[in-house]
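Owing to the predicted nature of the structure, the values given are computational and were not obtained by experimental measurement.
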Amino acid sequence: KNANKEALKRLETAKQYMDSNNSRGFYDEVSKASLGYVCDKLNIPLSQLSKDNVKAQLQLLPIKETLIEDFMKIMQLCEMALFAGMDNSADRQNTYDKALAVISGIEEGMENSKS
């Protein structure tokens, strides 16, 4: 239940990192917010956390394929920024907005499927 609240809290922290130009902190928080949200929401234990598993679990949800693709792109972007040192400061706002949109979209899709 708290997955959405926790993710939004982490994204708020990411925004603070973005505003203070802390690239590493920013991408780390976006990654944790997104993955943490999906793990909590879909009950995926950390031991089973892999891109393929996350993607497969997301595809079982009543959400648009574009949301899943966006989620995977965010994960890839965070990985590249954190581990390959590829960072584009102009891209951070876009990454932040997209992460917010993906989490909201998944949340909406899951809410709609309950009704």
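- Listed for the Ser34 side chain is a donor-acceptor partner under 3.5 Å among the backbone atoms of Val30.
- Here the straight-line distance linking atom CD1 of Ile106 with atom CG of Leu42 works out to 7.5 Å at 0.5 Å rounding.
- Put simply, Met72 and Leu49 are part of the same group of oily side chains (I, L, V, M, F, W, Y) that touch within less than 4.5 Å, one to the next.
- In this structure Lys32 satisfies the side-chain hydrogen bond (donor to acceptor under 3.5 Å, both in side chains) test together with Asp28, sequence neighbours excluded.
- In plain terms, the two heavy atoms of Lys41 and Met110 that are nearest each other are CG-SD, 3.5 Å.
- Between the OG atom of Ser31 and the CG atom of Leu82 there is a distance of 6.5 Å, given to the nearest 0.5 Å.
- Atoms NZ and CD1, from Lys98 and Ile74 in turn, are 7.0 Å apart once rounded to the nearest 0.5 Å.
- Not a single side chain to side chain contact (heavy atoms under 4.5 Å, CB included) links Ser104 to another residue, sequence neighbours left out.
- The shortest distance between side-chain heavy atoms of Leu8 and Leu100 falls below 4.5 Å.
- Met86 and Leu77 end up in different hydrophobic clusters when Ile, Leu, Val, Met, Phe, Trp and Tyr side chains are linked at under 4.5 Å.
- Proximity of Tyr27 to Ser23: side-chain heavy atoms (C-beta onward) are separated by under 4.5 Å at one or more points.
- Lys73 meets the salt bridge (charged side-chain N to carboxylate O under 4.0 Å, His left out) test with no other residue; sequence neighbours excluded.
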Show me the side-chain donor-acceptor pairs of residues 54-69 shorter than 3.5 Å, one per line, residues at least two apart or across chains.
none

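- Residues passing the side-chain hydrogen bond (donor to acceptor under 3.5 Å, both in side chains) test with Asp97, sequence neighbours excluded: Gln93.
- Here the shortest heavy-atom pairing between Ala7 and Ile103 reads CB-CD1, 3.8 Å.
- Partners of Gln48 by side chain to side chain contact (heavy atoms under 4.5 Å, CB included), not counting sequence neighbours, listed by chain and number: Ile44, Pro45, Asn53.
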Could you pull out all donor-acceptor pairs under 3.5 Å where a side-chain atom in residues 10-20 meets a protein atom, sequence neighbours excluded?
from  : atom 1 : to    : atom 2 : distance (Å)
Arg10 : NH1    : Glu29 : OE1    : 3.1
Thr13 : OG1    : Lys9  : O      : 3.2
Ser20 : OG     : Gln16 : O      : 3.2
Ser20 : OG     : Tyr17 : O      : 3.2

